[in-house]
Asker: 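Dumping the structure here so I can ask a few things about it.
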Amino acid sequence: MSVETPNLSEMGVRNPNQIVHYSLVRVSNDMDVLKINYGRPRGSILPKRRSYDFKRLGKPMAGSDEVRMEISPLLAAAVDELDHLLSDGKAVAITKKQLQEEIAEISKELNARLAHLSEAVAALD
C-alpha cells in the first residue's frame with residue numbers, strides 16, 4: 001500500500017509507512033507543533049518520535065485592525081496526508097474483520113443447510 005506524501009517528504013519524513021500515530025498541538029497563538037510517532041523495527045537507531053514546529057500565518061480580518069492567525073498550508077496538507085495514511089490501515093483492518101464475520105456467518109448457514117439435507121437423505125432410506 002503505497003501512498004504519495006510530498007508534503008511529509010518536504011518535511012523530511014522518509015518512512016511514512018512506519019507512522020503509527022500523530023498529534024497536533026497549538027502551543028501559542030502563532031505556533032503549532034506536529035508530533036509524529038513511528039513504529040520502528042527493534043534495534044533501529046532512528047527516533048520513535050519527531051516533532052515539527054510550524055508558524056501560523058497572520059491574515060488581516062476585513063473591516064478590522066485585528067489579525068487572524070491561520071494554520072500553515074504545509075501543516076494542513078501534511079495532516080491530510082497523515083489522516084490518509086493512517087485511515088488506510090484502519091480501512092484494511094475493518095474490511096478484514098467484516099470479511100471474517102461474513103465467512104463465519106456463511107459457514108454457519110452452510111453447515112445448517114448440509115445438516116438439513118443429510119436428514120432429508122436419511123429419511124429417504
Side-chain angles (χ1 to χ4, degrees):
M1 166 178 25
S2 125
V3 177
E4 293 296 319
T5 57
N7 297 296
L8 292 174
S9 296
E10 184 177 333
M11 293 168 37
V13 175
R14 301 214 191 313
N15 300 304
N17 57 327
Q18 294 180 350
I19 295 173
V20 294
H21 176 73
Y22 78 91
S23 61
L24 180 59
V25 180
R26 183 176 181 176
V27 293
S28 68
N29 276 347
D30 66 341
M31 181 71 70
D32 292 307
V33 176
L34 175 65
K35 296 177 183 179
I36 299 177
N37 297 335
Y38 296 90
R40 303 284 192 196
R42 184 172 288 253
S44 174
I45 61 170
L46 296 173
K48 292 188 180 205
R49 172 185 264 193
R50 290 188 67 190
S51 296
Y52 303 89
D53 296 337
F54 293 90
K55 293 284 276 179
R56 285 184 163 246
L57 304 175
K59 299 249 178 158
M61 294 178 66
S64 169
D65 291 335
E66 293 182 34
V67 176
R68 181 179 68 212
M69 303 305 282
E70 293 185 352
I71 191 170
S72 160
L74 177 59
L75 175 58
V79 167
D80 284 344
E81 289 176 1
L82 287 165
D83 286 340
H84 188 263
L85 275 173
L86 297 175
S87 70
D88 280 351
K90 290 177 187 170
V92 168
I94 289 171
T95 303
K96 182 177 180 180
K97 183 179 178 185
Q98 288 172 340
L99 289 173
Q100 288 172 333
E101 289 172 356
E102 190 171 342
I103 288 171
E105 186 178 324
I106 291 171
S107 178
K108 186 178 175 181
E109 290 173 8
L110 184 61
N111 288 337
R113 181 150 175 130
L114 286 172
H116 174 71
L117 289 174
S118 293
E119 290 172 7
V121 168
L124 292 175
D125 290 336

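No hydrogens, no waters, no symmetry mates; every other heavy atom, side chains included, goes into these values. Please read all numbers here as calculations on a predicted model, not as lab measurements. Residue numbers run from 1 in the order of the sequence given.
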Asker: Please examine the side chains of E4 and S9, heavy atoms only from C-beta on, and report whether any two atoms are closer than 4.5 Å.
Answerer: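 Result no, sub-4.5 Å side-chain heavy-atom pair not found.
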Asker: Looking at L124, I want to see if its CG is surrounded by more than 12 non-hydrogen atoms of other residues, nucleotides or ligands under 6.0 Å.
Answerer: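 Enclosed.
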Asker: Quick check: is L24 connected to L74 through a chain of hydrophobic side chains (ILVMFWY, heavy atoms under 4.5 Å apart)?
Answerer: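 Yes, it is one cluster - the side chains of L74 and L24 are joined through contacts under 4.5 Å.
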Asker: Quick check: closest heavy atoms across T5 and P16, and the distance to 0.1 Å?
Answerer: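 For T5 versus P16, the nearest heavy atoms are OG1-CG, 3.7 Å.
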Asker: Quick one: side-chain hydrogen bond (donor to acceptor under 3.5 Å, both in side chains) partners of N15, sequence neighbours excluded?
Answerer: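 side-chain hydrogen bond (donor to acceptor under 3.5 Å, both in side chains) list for N15, sorted by chain: empty.
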Asker: A side-chain contact here means heavy atoms from C-beta on lying under 4.5 Å apart; do L82 and I36 qualify?
Answerer: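 A side-chain contact under 4.5 Å exists here.
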Asker: Give every donor-acceptor pair under 3.5 Å between a side-chain atom in residues 103-117 and any protein atom, sequence neighbours left out.
Answerer:
from, atom 1, to, atom 2, distance (Å)
N111, ND2, S107, O, 3.3

Asker: Less than 3.5 Å apart, which donor and acceptor atoms pair up between the side chains of residues 48-68 and the rest of the protein, not counting sequence neighbours?
Answerer:
from, atom 1, to, atom 2, distance (Å)
R49, NE, N37, OD1, 2.8
R50, NH1, Y52, OH, 3.4
K55, NZ, D30, OD2, 3.0
R56, NE, D32, OD1, 3.2
R56, NE, D32, OD2, 3.0
R56, NH1, M69, O, 3.3
R56, NH2, D32, OD1, 3.4
S64, OG, E66, N, 3.0
R68, NE, E70, OE2, 3.1
R68, NH2, E70, OE2, 2.6

Asker: Could you go step by step and tell me if I71 and V79 meet the side chain to side chain contact (heavy atoms under 4.5 Å, CB included) rule?
Answerer: CA-CA 11 Å; I71 191 170; V79 167; 5.6 Å; no
Asker: Measuring only between side-chain heavy atoms, which start at C-beta, is R14 closer than 4.5 Å to L46?
Answerer: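 SC-SC contact between R14 and L46 ruled out.
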Asker: Could you tell me whether the side chain of R40 and the main chain of Q18 form a donor-acceptor pair under 3.5 Å?
Answerer: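 No, the answer is negative, given that no donor and acceptor are paired below the 3.5 Å cut-off.
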Asker: Is L34 linked to L86 within one hydrophobic cluster, defined over Ile, Leu, Val, Met, Phe, Trp and Tyr using a side-chain heavy-atom separation of less than 4.5 Å?
Answerer: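 Yes, because L34 and L86 connect within a single hydrophobic cluster, where side-chain heavy atoms sit under 4.5 Å apart.
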Asker: What closest approach, in Å, do L85 and I19 show between heavy atoms, and which atom pair accounts for it?
Answerer: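 Closest approach of L85 to I19: CD1-CD1, 4.2 Å.
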